[in-house]
Amino acid sequence: MLPAAGLVCIIAVGGAFWSHNTLSQLNAVDRSRDGWQRTPAALAALALHPGATVADLGCGPGYFSLKLASIVGPSGHVLAVDLRYRPLAALWLRALLDNDHNLRLIVGDPDNPNLPAGAVDAVLVAKTYHEFERPGVILGHIARALRPGGRLVLLDRSAPPSGDANQASHVVPPANAAAQLGASQFEILSRDDHFVERPNGERWWLIVARPAQRTGFPSPSI
Ligand SMILES: C[S@@+](CC[C@H](N)C(=O)[O-])C[C@H]1O[C@@H](n2cnc3c(N)ncnc32)[C@H](O)[C@@H]1O
């Protein structure tokens, strides 16, 4: 039997090896995505300013969250929401290594991102809308979380890479999302059905929306 110190050592070395490998792979995927995802344009659509509070709903291991942390700066907040602990753990580690102290990790429920009410300037839902089982319920929670004038940016795929059968179900037409936004009392500010078109056949759309104004209140400028 191994002495306890030896066992602890093996677990520590194994953990460090796993972390190093995982982080290297994530960084490589992120760098490649920087080349085609039009990330600056997607982030600009959120109309953020230093000090803002932004939610990244379905954050995964943090491709967008880490960039958002730089945009809102030390006086701002990034609420990074995911259902699963593993991507949240990876994001926690990446934020620690990046020295980002403005990220808050939130474990969401399938129908509720558990965001604070009336406290969020913008919400990003990237490559995640197609996974929502009841998007109308989630949009209701997003509307309650947004401050007056706050924005929602949806970014998702309408066509998978050609010949990739595994990705065929991970798509949603922009018209479906637009119809659901209307049914959930959101007003669409802009819609780009061809936001990204890749040589491999992959197509992405981007929609910017905000909760529809209640009648009787002045419309804030956007
Ligand atoms: C394909 S990943 C996209 C991650 C990230 N937004 C990006 O662009 O790299 C989708 C993520 O959304 C999460 N997700 C799916 N449904 C969700 C929900 N209802 N609430 C919160 N997270 C959800 C999944 O666990 C997964 O990590």
Side-chain angles (χ1 to χ4, degrees), residues 37-83 87-88 91-92 94-95 98-109 111-129 132 135-156 177-178 180-182 184-192 195 205-222:
Q37 179 79 87
R38 291 190 62 202
T39 304
L43 294 172
L46 291 160
L48 292 169
H49 53 85
T53 296
V54 58
D56 183 8
L57 174 46
C59 60
Y63 175 69
F64 284 104
S65 293
L66 294 169
K67 297 177 194 303
L68 289 168
S70 305
I71 294 173
V72 300
S75 59
H77 301 278
V78 179
L79 310 179
V81 186
D82 208 288
L83 295 180
L88 287 173
L91 175 53
W92 177 82
R94 298 178 94 189
D98 263 15
N99 217 12
D100 291 327
H101 300 290
N102 55 0
L103 261 129
R104 191 175 128 207
L105 305 182
I106 298 179
V107 180
D109 296 313
D111 279 346
N112 187 346
N114 296 326
L115 294 170
V120 180
D121 296 295
V123 176
L124 173 67
V125 180
K127 208 179 163 188
T128 298
Y129 184 89
F132 292 162
V137 179
I138 296 185
L139 289 174
H141 286 294
I142 291 174
R144 278 186 283 283
L146 284 170
R147 292 196 171 114
R151 285 178 171 212
L152 167 64
V153 173
L154 302 180
L155 170 66
D156 220 318
Q180 182 61 68
L181 284 164
S184 301
Q185 313 302 316
F186 274 80
E187 173 190 357
I188 293 180
L189 301 174
S190 69
R191 170 176 160 183
D192 184 349
F195 182 68
W205 52 265
L206 183 125
I207 295 179
V208 183
R210 67 176 178 189
Q213 304 302 307
R214 289 182 202 95
T215 49
F217 289 88
S219 170
S221 57
I222 52 168

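All heavy atoms count here, side chains included; hydrogens, waters and symmetry mates do not.
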Can you see which heavy atom on [X] is nearest to which on [Y], and at what distance?
{"X": "L46", "Y": "V123", "answer": "CD2-O, 3.7 Å"}
{"X": "V78", "Y": "L68", "answer": "CG2-C, 3.8 Å"}
{"X": "A178", "Y": "R191", "answer": "CB-NH1, 3.7 Å"}
{"X": "G76", "Y": "N102", "answer": "O-CB, 3.2 Å"}
{"X": "Q37", "Y": "F195", "answer": "O-CE2, 3.6 Å"}
{"X": "P113", "Y": "I138", "answer": "CD-CG2, 4.4 Å"}

Check: [X] side chain, [Y] main-chain N or O, donor-acceptor pair, under 3.5 Å:
{"X": "R104", "Y": "H77", "value": "no"}
{"X": "D56", "Y": "A80", "value": "no"}
{"X": "T128", "Y": "A126", "value": "yes"}
{"X": "D192", "Y": "L206", "value": "no"}

How far does [atom1] of [X] sit from [atom2] of [Y], to the nearest 0.5 angstrom?
{"X": "H141", "Y": "S184", "atom1": "NE2", "atom2": "OG", "result": "11.5 Å"}
{"X": "I106", "Y": "D82", "atom1": "CD1", "atom2": "CG", "result": "11.5 Å"}
{"X": "L43", "Y": "I71", "atom1": "CG", "atom2": "CD1", "result": "4.5 Å"}
{"X": "Q180", "Y": "Y129", "atom1": "CD", "atom2": "OH", "result": "4.5 Å"}
{"X": "L91", "Y": "F64", "atom1": "CG", "atom2": "CZ", "result": "13.5 Å"}
{"X": "S70", "Y": "D100", "atom1": "OG", "atom2": "CG", "result": "5.5 Å"}

- Please lay out, stage by stage, how Y63 and T39 fare under the test side-chain contact (heavy atoms from CB on, under 4.5 Å). CA-CA 10 Å; Y63 175 69; T39 304; 2.6 Å; yes
Any side-chain heavy atom of [X] sitting closer than 4.5 Å to one from [Y]?
{"X": "L152", "Y": "V125", "answer": "yes"}
{"X": "F186", "Y": "L154", "answer": "no"}
{"X": "V107", "Y": "N114", "answer": "no"}

- Taking side-chain hydrogen bond (donor to acceptor under 3.5 Å, both in side chains) as the test, write out the residues that go with D121, two or more places apart.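 Partners of D121 under the side-chain hydrogen bond (donor to acceptor under 3.5 Å, both in side chains) test: R147.
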- Query: Can you name the side-chain contact (heavy atoms from CB on, under 4.5 Å) partners of A47, sequence neighbours left out?
  - Reply: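 A47 satisfies side-chain contact (heavy atoms from CB on, under 4.5 Å) with R151 once adjacent residues are dropped.
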- Message: As a quick check of understanding, evaluate side-chain contact (heavy atoms from CB on, under 4.5 Å) for L103 and W92, giving each step before the final call.
- Response: CA-CA 8 Å; L103 261 129; W92 177 82; over 6 Å; no
- Stepwise side-chain contact (heavy atoms from CB on, under 4.5 Å) check, L88 with C59: CA-CA 8 Å; L88 287 173; C59 60; 3.7 Å; yes
